Engineer: 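Following this message is one structure expressed as structure tokens.
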There are 2 protein chains.
Amino acid sequence: MSARQVTLAEVAKQAGVSLATASRVLNGSTRQVSEDLSERVLRTAEELGYVPNASAQALARNSSSLVGLVVHDITDPYFSCIAAGVTRVAEAAGLSVVLGTTGRRPEREAELLSTLRAHRARAVVLAGSRTTDRAAQSRLAAEIDAFTEQGGRVACVSQAKLGTDTVVPGNRAGGRALARALAELGHKKFAVLGGPSELVVARDRLAGFKAGLADAGIAPPVVINGAFTRDGGYAAAMELLGSKSRSTCVFAVTDVMAMGAMAALRERGVRIPEDISIAGFDDIPTLRDTVPALSTVRLPLEEMGEIAAGLVLDAGGDEARTIRVAGEVVLRASTAHN
Amino acid sequence: MSARQVTLAEVAKQAGVSLATASRVLNGSTRQVSEDLSERVLRTAEELGYVPNASAQALARNSSSLVGLVVHDITDPYFSCIAAGVTRVAEAAGLSVVLGTTGRRPEREAELLSTLRAHRARAVVLAGSRTTDRAAQSRLAAEIDAFTEQGGRVACVSQAKLGTDTVVPGNRAGGRALARALAELGHKKFAVLGGPSELVVARDRLAGFKAGLADAGIAPPVVINGAFTRDGGYAAAMELLGSKSRSTCVFAVTDVMAMGAMAALRERGVRIPEDISIAGFDDIPTLRDTVPALSTVRLPLEEMGEIAAGLVLDAGGDEARTIRVAGEVVLRASTAHN
DNA sequence: GCAGCGCTGGAAAGCGCTTTCCCGCCACGC
DNA sequence: GCGTGGCGGGAAAGCGCTTTCCAGCGCTGC
């Protein structure tokens, strides 16, 4: 075993050409190589089963074919959809994506970025939602700077103003539109399962929702914070049920949280939507077949991943670009007239 | 911008030591370095914000800190769970995982492996399910050989006998146990939504299920093949409904397919489980809160990912190891007595 | 007292590529 | 006819590390 990998030098020798020529043939060079030499090299490479050493290429070119993708939890459909979009675009461009997961610890984001920098990744998309944690945030900003200084590009999903390209979902607008749609159903008393208060995505959706209620002249909702997960939704819903606040409609800032909340409600014998209406945000594909079908704000998650990857892969100017994608309110069976 | 990255040489010079010494200090070497030199190097590295160039290290060591992960579709919860397990273990070991997606095209698997080989990935876990496609299979085998010859390790999830380490879920045993459990509920007429016939995972589950029915002295099920996706389940269920075969219990070889099937049944006004019982396989966490709760065979997906990563990361002997993980039948509300 | 050993530090040879620079060749133009 | 310029090919200098090998040095053991 361990038959050493065939190298460019071997191919060159075998084909009777110089290293330089072989390199020029096998990798897009601006330089022209004559037809016959070129073909000879190609054939030998094929015969020998030559595979270029990516590390060596990266070293010589000072830029690799890696693009980073940082998510909190690949298990969360929100992230896996974005990941699908990113990988599709990256692979189509002949790049490999290295996946980093933070486990929702903000400081991991900077660590991962540093690793990616070590690998001379040519770009990275940060899909994790931004926190308001000051320390982590500045450490991250420093890493982003270091990364871009080194020539890499960075794009964020859903977290503007880091001075990078960004695809921004209409969190606020979506929350607002949803609130208005729900108000039109006749609901007057709302509760929001609000996710962690440090997460700007959660805050934006909540803020939008409040604005929407205000638009409709409805009193501010009860807000219960909790983890950005199924269990967080479950716990928040339980807390809500305990609180004796008689809301007729609940907005969970995430579909995944909404699922947890619905489980809690069911467990307590609360019927959806007869007793309480509930809505989420994201429109996770995996959850589209649930009963009752969840009202939500649809985000084109995979497309967002594609856009982010596109942003990060074509050179682009120096100024940070921001692409906004709108959320679309989708009312389904989990919300009823009141 | 593009302030070139700090190199080891700079650190060494700044610290007044040789390149060799700096290298020895900053990366685990067997060689001892005196306390004061060592500390001096560490401090300067810190001050200068030194980050080792992973490509250069990979080149010099002839082995990178990358581990590959190949899945069909990261959006599918089955794969994203496995991915979570793999990344957790890999990141804990200080490695980065590069994610490749095949989009369910078998030939992509070999391509990705080749890319991974180019990157000198030290290991790869193949989570995509094996097909019986002869050509793709042999191309893949060749790539696996090339990869291991080069010194990399390969582990597969759920596809034994490729001569690699493997974690094998009890597909057959799970299917069989499920069939028996369902038979005990009194069902006599079964249908199976069987996935694509080339996929061995699908075949194994089906074969196990048939065996279980035989154990119980029940006639073989109607089998309808279809894609290994939600839509495949939907279509297969529609076909089943059209076929006038009056089964009382349906087994979809995948939870995701079961979801599609349930959607189809509901659409046609078939009540679950009153009119038809339905069961899946995998016990996807995201789907645990659905109503009616899906009966299924639970697989510890994340753990399988962790095991695979573990297999592939600790050296291990030369003989291929096989770890079996059992599926556990979980009967819930989607299946009723008949 | 000295050969020999273990230990630390440094010089330098790669690792497998890319790319600059140079060289020889040919077609042109005057 | 010869200078020029363009062009295809090769030699070789890196890219930033690791690691082998050697030098020096303080000890130990006879």
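Quick note on labels: first sequence line is chain A, next is B, and so on, each numbered from 1. All values reported here derive from a predicted model rather than from experimental measurement.
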Engineer: Give me the bend of the helix from C:dG1-D:dC30 to C:dC30-D:dG1, using the axes of the five pairs at each end, rounded to 10°.
Structural biologist: 50°

Engineer: One thing to verify: whether B:Arg104 and B:Asp76 come together as a salt bridge, which I'm taking to mean a side-chain N less than 4.0 angstrom from a carboxylate O.
Structural biologist: yes

Engineer: Between A:Arg321 and A:Asp314, does any side-chain N to carboxylate O distance fall below 4.0 Å?
Structural biologist: yes

Engineer: Expressed in angstrom and rounded to an integer, what is the separation of A:Leu8 atom CG from D:dG10 atom P?
Structural biologist: 13 Å

Engineer: Taking protein heavy atoms under 4.0 Å as touching, what does nucleotides 4-10 of chain C look like 5' to 3' if B marks base contact, S marks sugar-phosphate-only contact and - marks none?
Structural biologist: ----BBB

Engineer: Would you name the heavy atoms of B:Val124 and B:Phe147 that are closest together and state the gap between them?
Structural biologist: CG1-CE2, 3.6 Å

Engineer: Going by the rule side chain to side chain donor-acceptor pair (under 3.5 Å), which residues pair with A:Ser18 if we only count those two or more places apart in sequence or in a different chain?
Structural biologist: A:Thr21

Engineer: Any salt bridge between B:Arg139 and B:Glu107, counting N to O under 4.0 Å?
Structural biologist: no

Engineer: Given C:dT18, is OP1 or OP2 found less than 4.0 Å from the side-chain N or O atoms of A:Ser23?
Structural biologist: yes

Engineer: Is any side-chain nitrogen or oxygen of B:Gln57 closer than 4.0 Å to OP1 or OP2 of D:dT18?
Structural biologist: yes

Engineer: So does B:Arg43 pair up with B:Glu46, basic N to acidic O under 4.0 Å?
Structural biologist: no

Engineer: Applying the ring pair (Phe, Tyr, Trp, His ring centres under 6.0 Å) test to B:His72, which of B:Phe79, B:Phe228, B:Tyr78 qualifies?
Structural biologist: B:Phe79

Engineer: Output yes when at least one side-chain N/O atom of B:Asn27 is less than 4.0 Å from OP1 or OP2 of D:dC17, else no.
Structural biologist: no

Engineer: As a quick check of understanding, evaluate side-chain hydrogen bond (donor to acceptor under 3.5 Å, both in side chains) for B:Asn27 and B:Gln57, giving each step before the final call.
Structural biologist: CA-CA 10 Å; B:Asn27 311 284; B:Gln57 286 187 308; 3.1 Å; yes

